[in-house]
Asks: 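Just dropping this structure here.
In this text, all values refer to a predicted model and were calculated from it rather than measured experimentally.
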Amino acid sequence: MSGRECREGTFPGASSTSYAGEGLPWGGLLALSMAAFITILTEALPAGLLPAIGAGLGVSEAAAGQLVTVYAVGSLAAAIPLTAYTQGYRRRPLLLAAIVGFLLANTVTALSGSYALTLVARLVAGVAAGLLWALAAGYAARMAPEHLKGRAIAVAMAGTPLALSLGVPAGTFLGALIGWRACFGVMSVLTVVLVFWVLARVPDFPGAPEGARRSLKGVFLLPGIRQVLLVVLTFVLAHNILYTYIAPFLAGAGMMKRTDTVLLVFGIASLIGIWVVGILIDRRLRELTLLSTALFACSAVALWLRGDNPAVIYGAVAVWGLAFGGCATLFQTASAKTAGPAADLAQSMLVTTWNTAIAGGGIVGGLLLDRLGVGAFAPSVLALLAVAFCVTLSAGGHGFARHRQA
């Protein structure tokens, strides 16, 4: 593909307004990153504020915890059908609709005194998240030159680890300082800023023409898509078995009171991981996916064999964070490149698979903990990672294709 073709946006799925030069459109990509940051923070913030939210709404902490559950249900249920239905819609209005969904949901959450109304608001936020995650990676790829698409997705996804490692702890601290309702109010203000940012710096793209729209079955049967989804399912399931129950795991090593420090180490390592992936992904997608899976497996082995040693735990968690930090970028890039013009629909499948793995991690991890104890976590994680590694290794032609020099 020539530079002129790139500038005119004639690659599959692009429009004439894609980008003006051969570099990255940083303003637009950082706006997408901010959208990812707000999405993750909206999802996870209640977890750190449950006692205060429960007291404010007059419900138990367990009932307040359902604000997280209903968000996940909305995202899981809406991603595929909503993305399929909106294939023909212009992209920027659709992106703005998802962002406005967060604005409405967080504003209602900040003001509502009704538990039922707050649940509805959280469901709306989950639906908005399902749509936004389906759009984000394909949108970032369409904004960038062909040789920088993976790096563009990495920039757009950088808001995710930032929200997890810095945003959620900061939001929890702020909630104790100014109150949980004010925290959601701050989120609404940030979302208003994001709306104007998107209008100023994010280009619009047309939807898919009627004759070019794909069916769900057609996208699912594209060579490589099923392999990508299977790797996402096994890798993210392995992560969530361990991450969801990290506190009881650390309790076995007498480190329960250091859970926050351990998670901070994980978050910092995740930021390094996404930075490394962002630099190399356009040339080494397949190799990075294999390396991330292998590093996670090494971490699980260390936790299995020496999970009673604090120094080993900190080191293993750092390696685990390094492996996990860039995985969303790796999987979304693999999905976008494999699906081509059907990237948005493929991303909606990835979102659904990812959320299924999160829910599955809670269920499977809970069963393992109740029946076999924390010692069963590492072997289960290793079995899942072995599947992810083998599928990635065998998907050299499609899905996690070998890099070909232009």
Asks: How would you list all residue pairs meeting ring pair (Phe, Tyr, Trp, His ring centres under 6.0 Å) that involve residues 45-79, not counting sequence neighbours?
Replies: none
Asks: Going by the rule ring-ring contact (aromatic ring centres under 6.0 Å, His included), which residues pair with Trp180 if we only count those two or more places apart in sequence or in a different chain?
Replies: none
Asks: Decide yes or no for Leu45 and Cys183: does some side-chain heavy atom of the first lie under 4.5 Å from some side-chain heavy atom of the second?
Replies: yes
Asks: Do Ser112 and Thr118 get their side chains close enough for a donor-acceptor pair, meaning under 3.5 Å?
Replies: yes
Asks: Quick one: are Leu368 and Ser380 in side-chain contact, heavy atoms under 4.5 Å?
Replies: yes
Asks: By the definition side-chain contact (heavy atoms from CB on, under 4.5 Å), identify the one residue from Thr356, Ile358, Leu384 that meets it with Leu237.
Replies: Leu384
Asks: Is the shortest heavy-atom distance from the side chain of Trp26 to the side chain of Arg201 under 4.5 Å?
Replies: no
Asks: Under the salt bridge (charged side-chain N to carboxylate O under 4.0 Å, His left out) definition, can you give me all pairs with a residue in residues 342-365, not counting sequence neighbours?
Replies: Arg91-Asp344
Asks: Quick one: side-chain hydrogen bond (donor to acceptor under 3.5 Å, both in side chains) pairs with a partner in residues 98-111, sequence neighbours left out?
Replies: Thr42-Asn106, Thr107-Ser188
Asks: Going by side chain to side chain donor-acceptor pair (under 3.5 Å), name the residues that satisfy it together with Ser270, two or more places apart in sequence or in a different chain.
Replies: none
Asks: Answer yes or no: is there a side-chain heavy-atom contact under 4.5 Å between Arg90 and Phe205?
Replies: no
Asks: Can you find a heavy atom in the side chain of Phe296 that is under 4.5 Å from one in the side chain of Val381?
Replies: yes
Asks: Looking at Ala316, is its backbone amide N or carbonyl O close enough to the side chain of Ser299 to form a donor-acceptor pair, meaning the two atoms are under 3.5 Å apart?
Replies: yes
Asks: Closest approach of Gly150 and Ile281, non-hydrogen atoms and distance?
Replies: C-CG2, 3.3 Å
Asks: Answer yes or no: is there a side-chain heavy-atom contact under 4.5 Å between Thr234 and Leu385?
Replies: no
Asks: Would one find more than 12 heavy atoms of other residues, nucleotides or ligands at under 6.0 Å from atom CH2 of Trp304?
Replies: no
Asks: I'd like to check the ring-ring contact (aromatic ring centres under 6.0 Å, His included) partners of Phe389; sequence neighbours left out, ordered by chain and number.
Replies: none
